[in-house]
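These numbers come from a predicted model, not from an experiment. Reckoned from all heavy atoms, side chains included, excluding hydrogens, waters and symmetry mates.
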Amino acid sequence: MKFPCTGCGQCCRQLGEILEAAATSGSDAFILLGQSFPYTPDPDGSCPMLVDNQCAVYEQRPILCNLERLQHIMEVPDEVWFQLNAASCNRLIRDAGLPEELLVLNPQD
């Protein structure tokens, strides 16, 4: 299932938080992906590859940023993976006070 990213950029703005969560996840695969992440967050915690609200290295983005590849590695069923990521995305969107139309909706609804 291709994740219906709304392009809000909040995950990229929270890179520091995401790397910290990976380091403390208890999942060997997630810890390794966080440790091997090739970019250091900017002082505000955002990814330095976020340029004009778009990923400057999208086609070669790290696995941690590629939800489809990450799902395959983590071997998580589609619906579970969707729900976990939608909940995380929507929390970031709401915490940032962004418009509700940026929320990730379940395409099966």
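Remark: Met74 CE to Leu84 CG distance equals 9.5 Å, nearest 0.5 Å. Note: Cys8 SG to Arg13 CZ = 7.5 Å, rounded to the nearest 0.5 Å. Within the model, atoms CG of Leu70 and NE2 of His72 stand 11.0 Å from one another, a figure rounded to the nearest 0.5 Å. One distance of note links OG of Ser27 with CG of Leu33; it measures 8.0 Å at 0.5 Å rounding. Here the CD atom belonging to Glu17 is positioned 8.0 Å from the CG atom belonging to Asp95, to the nearest 0.5 angstrom.
Remark: side-chain polar atoms of Trp81 are paired, donor with acceptor, to backbone N or O of Leu67 under 3.5 angstrom. The backbone N or O of Val57 lies less than 3.5 Å from no partner atom in the side chain of Arg61, so there is not a single donor-acceptor pair. Without hydrogens or angle criteria, Asp52 side chain to Gln54 main chain gives no donor-acceptor distance under 3.5 Å. Between the Asn90 side chain and the Val104 main chain, a donor and an acceptor come within less than 3.5 Å of each other. Judged purely by atom type and a 3.5 angstrom limit, Glu68 uses its side chain to pair as donor or acceptor with the backbone of Phe3. Side-chain atoms of Thr6 come within 3.5 Å of backbone N or O of Leu102 as a donor-acceptor pair.
Connection of Val51 to Met49 is not established within any shared hydrophobic cluster, with ILVMFWY side chains joined at heavy-atom distances below 4.5 Å, either directly or through further cluster members. In the hydrophobic cluster analysis, where Ile, Leu, Val, Met, Phe, Trp and Tyr join through side-chain heavy atoms closer than 4.5 angstrom, Phe82 is grouped together with Leu64. Hydrophobic cluster membership differs between Leu15 and Leu92, with clusters built from Ile, Leu, Val, Met, Phe, Trp and Tyr side chains linked at under 4.5 angstrom.
Qualifying ring pair (Phe, Tyr, Trp, His ring centres under 6.0 Å) partners for Phe37, counting only residues two or more places apart in sequence or in other chains: Tyr39.
Side-chain atoms of Cys47 and Asp42, non-hydrogen and from C-beta on, never get closer than 4.5 Å to each other. Inter-residue side-chain proximity for Ser25 and Ile31 is flagged as met; some heavy-atom pair is nearer than 4.5 Å. Under the 4.5 Å side-chain criterion, counting only non-hydrogen atoms from C-beta, Gln14 is not in contact with Pro41.
Scanning both residues, Gly7 and Asn53, for their nearest heavy atoms gives O-ND2, 3.1 Å. The shortest non-hydrogen separation linking Ile63 to Arg69 is CD1-NH2, 3.4 Å.
Under the ring pair (Phe, Tyr, Trp, His ring centres under 6.0 Å) criterion, no residue pair touches residues 46-71, with sequence neighbours excluded.
With no hydrogens or angles considered, no side-chain donor-acceptor pair links Gln71 and Asn85 at under 3.5 Å.
In the displayed structure, Gln83 atom CD is contacted under 6.0 Å by more than 12 heavy atoms of other residues, nucleotides or ligands.
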Take Leu103 and Arg94 through the test side-chain contact (heavy atoms from CB on, under 4.5 Å) and record every step on the way to the result.
-> CA-CA 8 Å; Leu103 293 174; Arg94 287 185 175 113; 3.3 Å; yes
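Taking Ile, Leu, Val, Met, Phe, Trp and Tyr as members and joining any whose side-chain heavy atoms lie under 4.5 Å apart, directly or through other members, Leu50 forms no hydrophobic cluster with any other residue.
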